[in-house]
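Structure first, then comments.
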Protein chains: 2
Amino acid sequence: MTTSRASIGNTRNPETHSAVLDAAEALLTEKGYAGVSMEAVARRAGAGKPTLYRWWPSKAALLMEVYERRKAEALAELPAGASAREDMAAMLESIMCFWRDTPAGQAFRSIVAEAQADPAALRMLRDEMLARGRASAAAMLRRAAEAGEIGPNPDTELMLDALFGMAWYRLLTHRLRRAPDEVPRLVAAIFLGAQPGGPFCLPG
Amino acid sequence: MTTSRASIGNTRNPETHSAVLDAAEALLTEKGYAGVSMEAVARRAGAGKPTLYRWWPSKAALLMEVYERRKAEALAELPAGASAREDMAAMLESIMCFWRDTPAGQAFRSIVAEAQADPAALRMLRDEMLARGRASAAAMLRRAAEAGEIGPNPDTELMLDALFGMAWYRLLTHRLRRAPDEVPRLVAAIFLGAQPGGPFCLPG
DNA sequence: GACGTAACGGAACGGACCGTATAGACAAAC
DNA sequence: GTTTGTCTATACGGTCCGTTCCGTTACGTC
């Protein structure tokens, strides 16, 4: 376990790097958000606190890397389905399964919590982490518009707020378990609202 | 300011009570969630820490009372409109304005954050604070069904998740400012999905 | 082969906050 | 007049914060 893992010289030690992320993830799953402190992570990882602060300026930054590491290996790529609507449903469903079935859900809950106390963390969450997902989801909606699945000028912002909002709300209230077909039905309803003349259609 | 406010005898001192709530609210608006500690609230209120812990077992409980006090005086009663759809839009809009224009928004953000670290706080948030609002919103949907505005057996849970979820998502990412008519259009879309044969219609 | 550089773990720091315990002043309730 | 319960004040041991200094290690360079 606690193999002596000293400096390997002039370079960042990748073992230390992953040991810290592993320790943070383990504490997160075992004790939840309250159990994760920089001090506890350092203890558990067999690392020094200065090492943590050298690479992660805040707890939020550490949690985000824990999350992103999981995400990279889990949500590699979703195959394109028959329609943008199905793609959207598959994406939302896979995010919610990812949150429910891996430590990433607890990590993301913690990141959102941290963002309520730390303005810099909020900006990073909103303008970097979320922006990526929203951009790819918005691209799906534009493809849907081009394919005629929905009207030509959908209010993508509002539609995404409803879709991601539902997922956040479920995550943060610990209600991620879904009835079958819930997500496809929600997506269908949002797409229905974006049919020509519908409430999600913008003029112009 | 710091009038000597000792015990008034065998009874709870209402001045102390409100002084603590005032102090918590002031810290919340001035310094945000991170600035609110039981210690700081006690200092600011000119109260003793044991007094705080006597009446509020946790920071979450204190924050919830700060929130509820504001809510009681602000969202007293919404007049019934011409349709359940308009009532729902008015309710959602008034909640978001309440969050945006009063310290309650910061309080609610803090409560959600606290709930991610404290399981008891999560239960109280979900099963008491939220349950009330969801119950009255579900009643609106039932009235809509009876009035024929939507189909007879709407999936109220999913509809409410989409509506409240959007509001939460905006609050927690500091994006509460809305384009005009956004909320009515979202509500219209959700109601549209609940028309007979729509994705929000349940069998039976 | 020697040296500068940078990462590493360990120990310690002052400070803030946690939740609790104790003590004494106070006035209502009985 | 005694009991009861609330209030302030202070102090406690503990945890965590973010930082500093230290001695060690070995890479990259000369």
Side-chain angles (χ1 to χ4, degrees), chain A residues 1-24 27-28 30-63 65 110 113-114 116-121, chain B residues 1-24 27-28 30-63 65 110 113-114 116-121:
Chain A
M1 185 76 189
T2 68
T3 83
S4 155
R5 186 189 56 245
S7 166
I8 59 167
N10 207 358
T11 316
R12 180 170 190 181
N13 189 338
E15 288 183 28
T16 296
H17 186 164
S18 58
V20 169
L21 295 180
D22 290 344
L27 286 172
L28 213 41
E30 288 170 21
K31 307 190 186 179
Y33 177 40
V36 178
S37 67
M38 296 296 259
E39 194 123 6
V41 172
R43 264 200 308 272
R44 174 105 175 204
K49 278 206 293 175
T51 303
L52 259 74
Y53 282 103
R54 184 192 321 278
W55 299 109
W56 296 278
S58 67
K59 189 160 76 173
L62 176 56
L63 290 168
E65 190 167 341
S110 306
E114 197 70 14
Q116 306 311 311
D118 176 356
Chain B
M1 184 75 190
T2 68
T3 81
S4 155
R5 186 188 56 244
S7 166
I8 59 169
N10 207 357
T11 317
R12 181 171 190 182
N13 189 337
E15 288 182 27
T16 296
H17 187 164
S18 58
V20 168
L21 295 180
D22 290 345
L27 286 172
L28 213 41
E30 288 170 19
K31 308 188 184 180
Y33 177 39
V36 178
S37 67
M38 296 296 258
E39 193 123 6
V41 171
R43 265 199 308 273
R44 174 102 174 206
K49 276 206 294 175
T51 302
L52 259 75
Y53 282 102
R54 184 194 317 279
W55 300 109
W56 297 279
S58 67
K59 190 161 75 174
L62 175 56
L63 290 168
E65 189 167 341
S110 306
E114 197 71 15
Q116 306 312 311
D118 176 356

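Chain A is the first sequence line, chain B the second, and so forth, proteins listed ahead of strands; every chain is numbered from 1. None of these values were measured; they are calculated from a predicted model.
Projected onto DNA chain D by closest heavy-atom contact, A:Ser37 and A:Pro50 fall at different nucleotides, the more 5' of which corresponds to A:Ser37. The 5' end of DNA chain C is approached more closely, in terms of each residue's nearest nucleotide, by B:Ser58 than by the other of B:Ser58 and B:Ile8. For the pair A:Gly9 and B:Gly9, both in contact range of DNA chain D, the more 5′-proximal nearest nucleotide belongs to B:Gly9.
For A:Arg12, counting side-chain heavy atoms from C-beta on, the closest listed nucleotide (C:dG9, C:dC8, C:dT20) is C:dC8. In the set C:dA7, D:dG18, C:dG19, D:dG18 carries the atom at the smallest distance from any side-chain atom of A:Met38. The listed nucleotides are D:dC27, D:dC16, C:dG9; the one nearest the side chain of A:Asn10 is D:dC27. With D:dG18, D:dT8, C:dG9 as the choices, the nucleotide that has an atom nearest any side-chain atom of B:Ala47 turns out to be D:dT8. The A:Lys49 side chain lies nearest to D:dG18 when the options are C:dA11, D:dG18, C:dA7. Closest to the side chain of B:Glu39, out of C:dC17, D:dC17, C:dA7, is C:dC17. Among the nucleotides D:dG5, C:dG4, C:dT22, the one closest to the side chain of B:Ser7 is D:dG5. Of the candidate nucleotides C:dT5, D:dC21, D:dC7, D:dC7 has the atom lying nearest to any side-chain atom of B:Asn13. Side-chain proximity of B:Arg54 to the nucleotides D:dC17, D:dT8, D:dC7 is greatest for D:dC7.
Under 4.0 angstrom from either OP1 or OP2 of C:dC8 there lies at least one side-chain N or O belonging to A:Trp55. Between A:Arg5 and C:dG9 there is a side-chain N or O to OP1 or OP2 distance below 4.0 Å. Using a 4.0 Å cut-off, some side-chain N or O of A:Thr16 falls inside it from OP1 or OP2 of C:dG9.
Heavy atoms of A:Ala40 sit nowhere under 4.0 angstrom from any nucleic acid atom. Within the 4.0 angstrom heavy-atom criterion, only backbone atoms of the sugar-phosphate kind lie near A:Thr11; the bases stay farther away.
Rounded to whole Å, atom C1' of D:dA9 lies 14 Å from atom CZ of B:Arg43. Rounded to whole Å, atom C1' of C:dG9 lies 14 Å from atom CD of A:Glu15. Atom-to-atom, OH of A:Tyr53 to C1' of C:dG9 comes out at 16 Å; the value is rounded to the nearest Å. B:Leu62 places its CG atom 15 Å from the C1' atom of C:dC18, with the value rounded to the nearest Å. Per the geometry, CH2 belonging to A:Trp56 stands 15 Å off P belonging to D:dG18, to the nearest Å. Remark: C1' of D:dC16 and CZ of A:Arg44 are 18 Å apart, rounded to the nearest angstrom. Between the C1' atom of D:dC16 and the CD atom of A:Glu114 lies a distance of 13 Å, rounded to the nearest Å.
Residues A:Arg5 and A:Glu15 come closest through the heavy atom pair CD-CB, 3.6 Å.
Using a 4.5 Å heavy-atom cutoff, the side chains of A:Thr16 and A:Ile8 are not in contact.
Atom OG1 of A:Thr51 sits about 11.0 Å away from atom CE of A:Met38, to the nearest 0.5 Å. To the nearest 0.5 Å, the span separating NZ on A:Lys31 from CZ on A:Arg44 amounts to 7.5 Å. The CH2 atom of A:Trp56 sits 5.0 Å away from atom CG of A:Leu21, with the distance rounded to the nearest 0.5 Å.
No donor-acceptor distance shorter than 3.5 angstrom exists from the side chain of A:Lys49 to the backbone of A:Ala42, with no hydrogens or angles considered.
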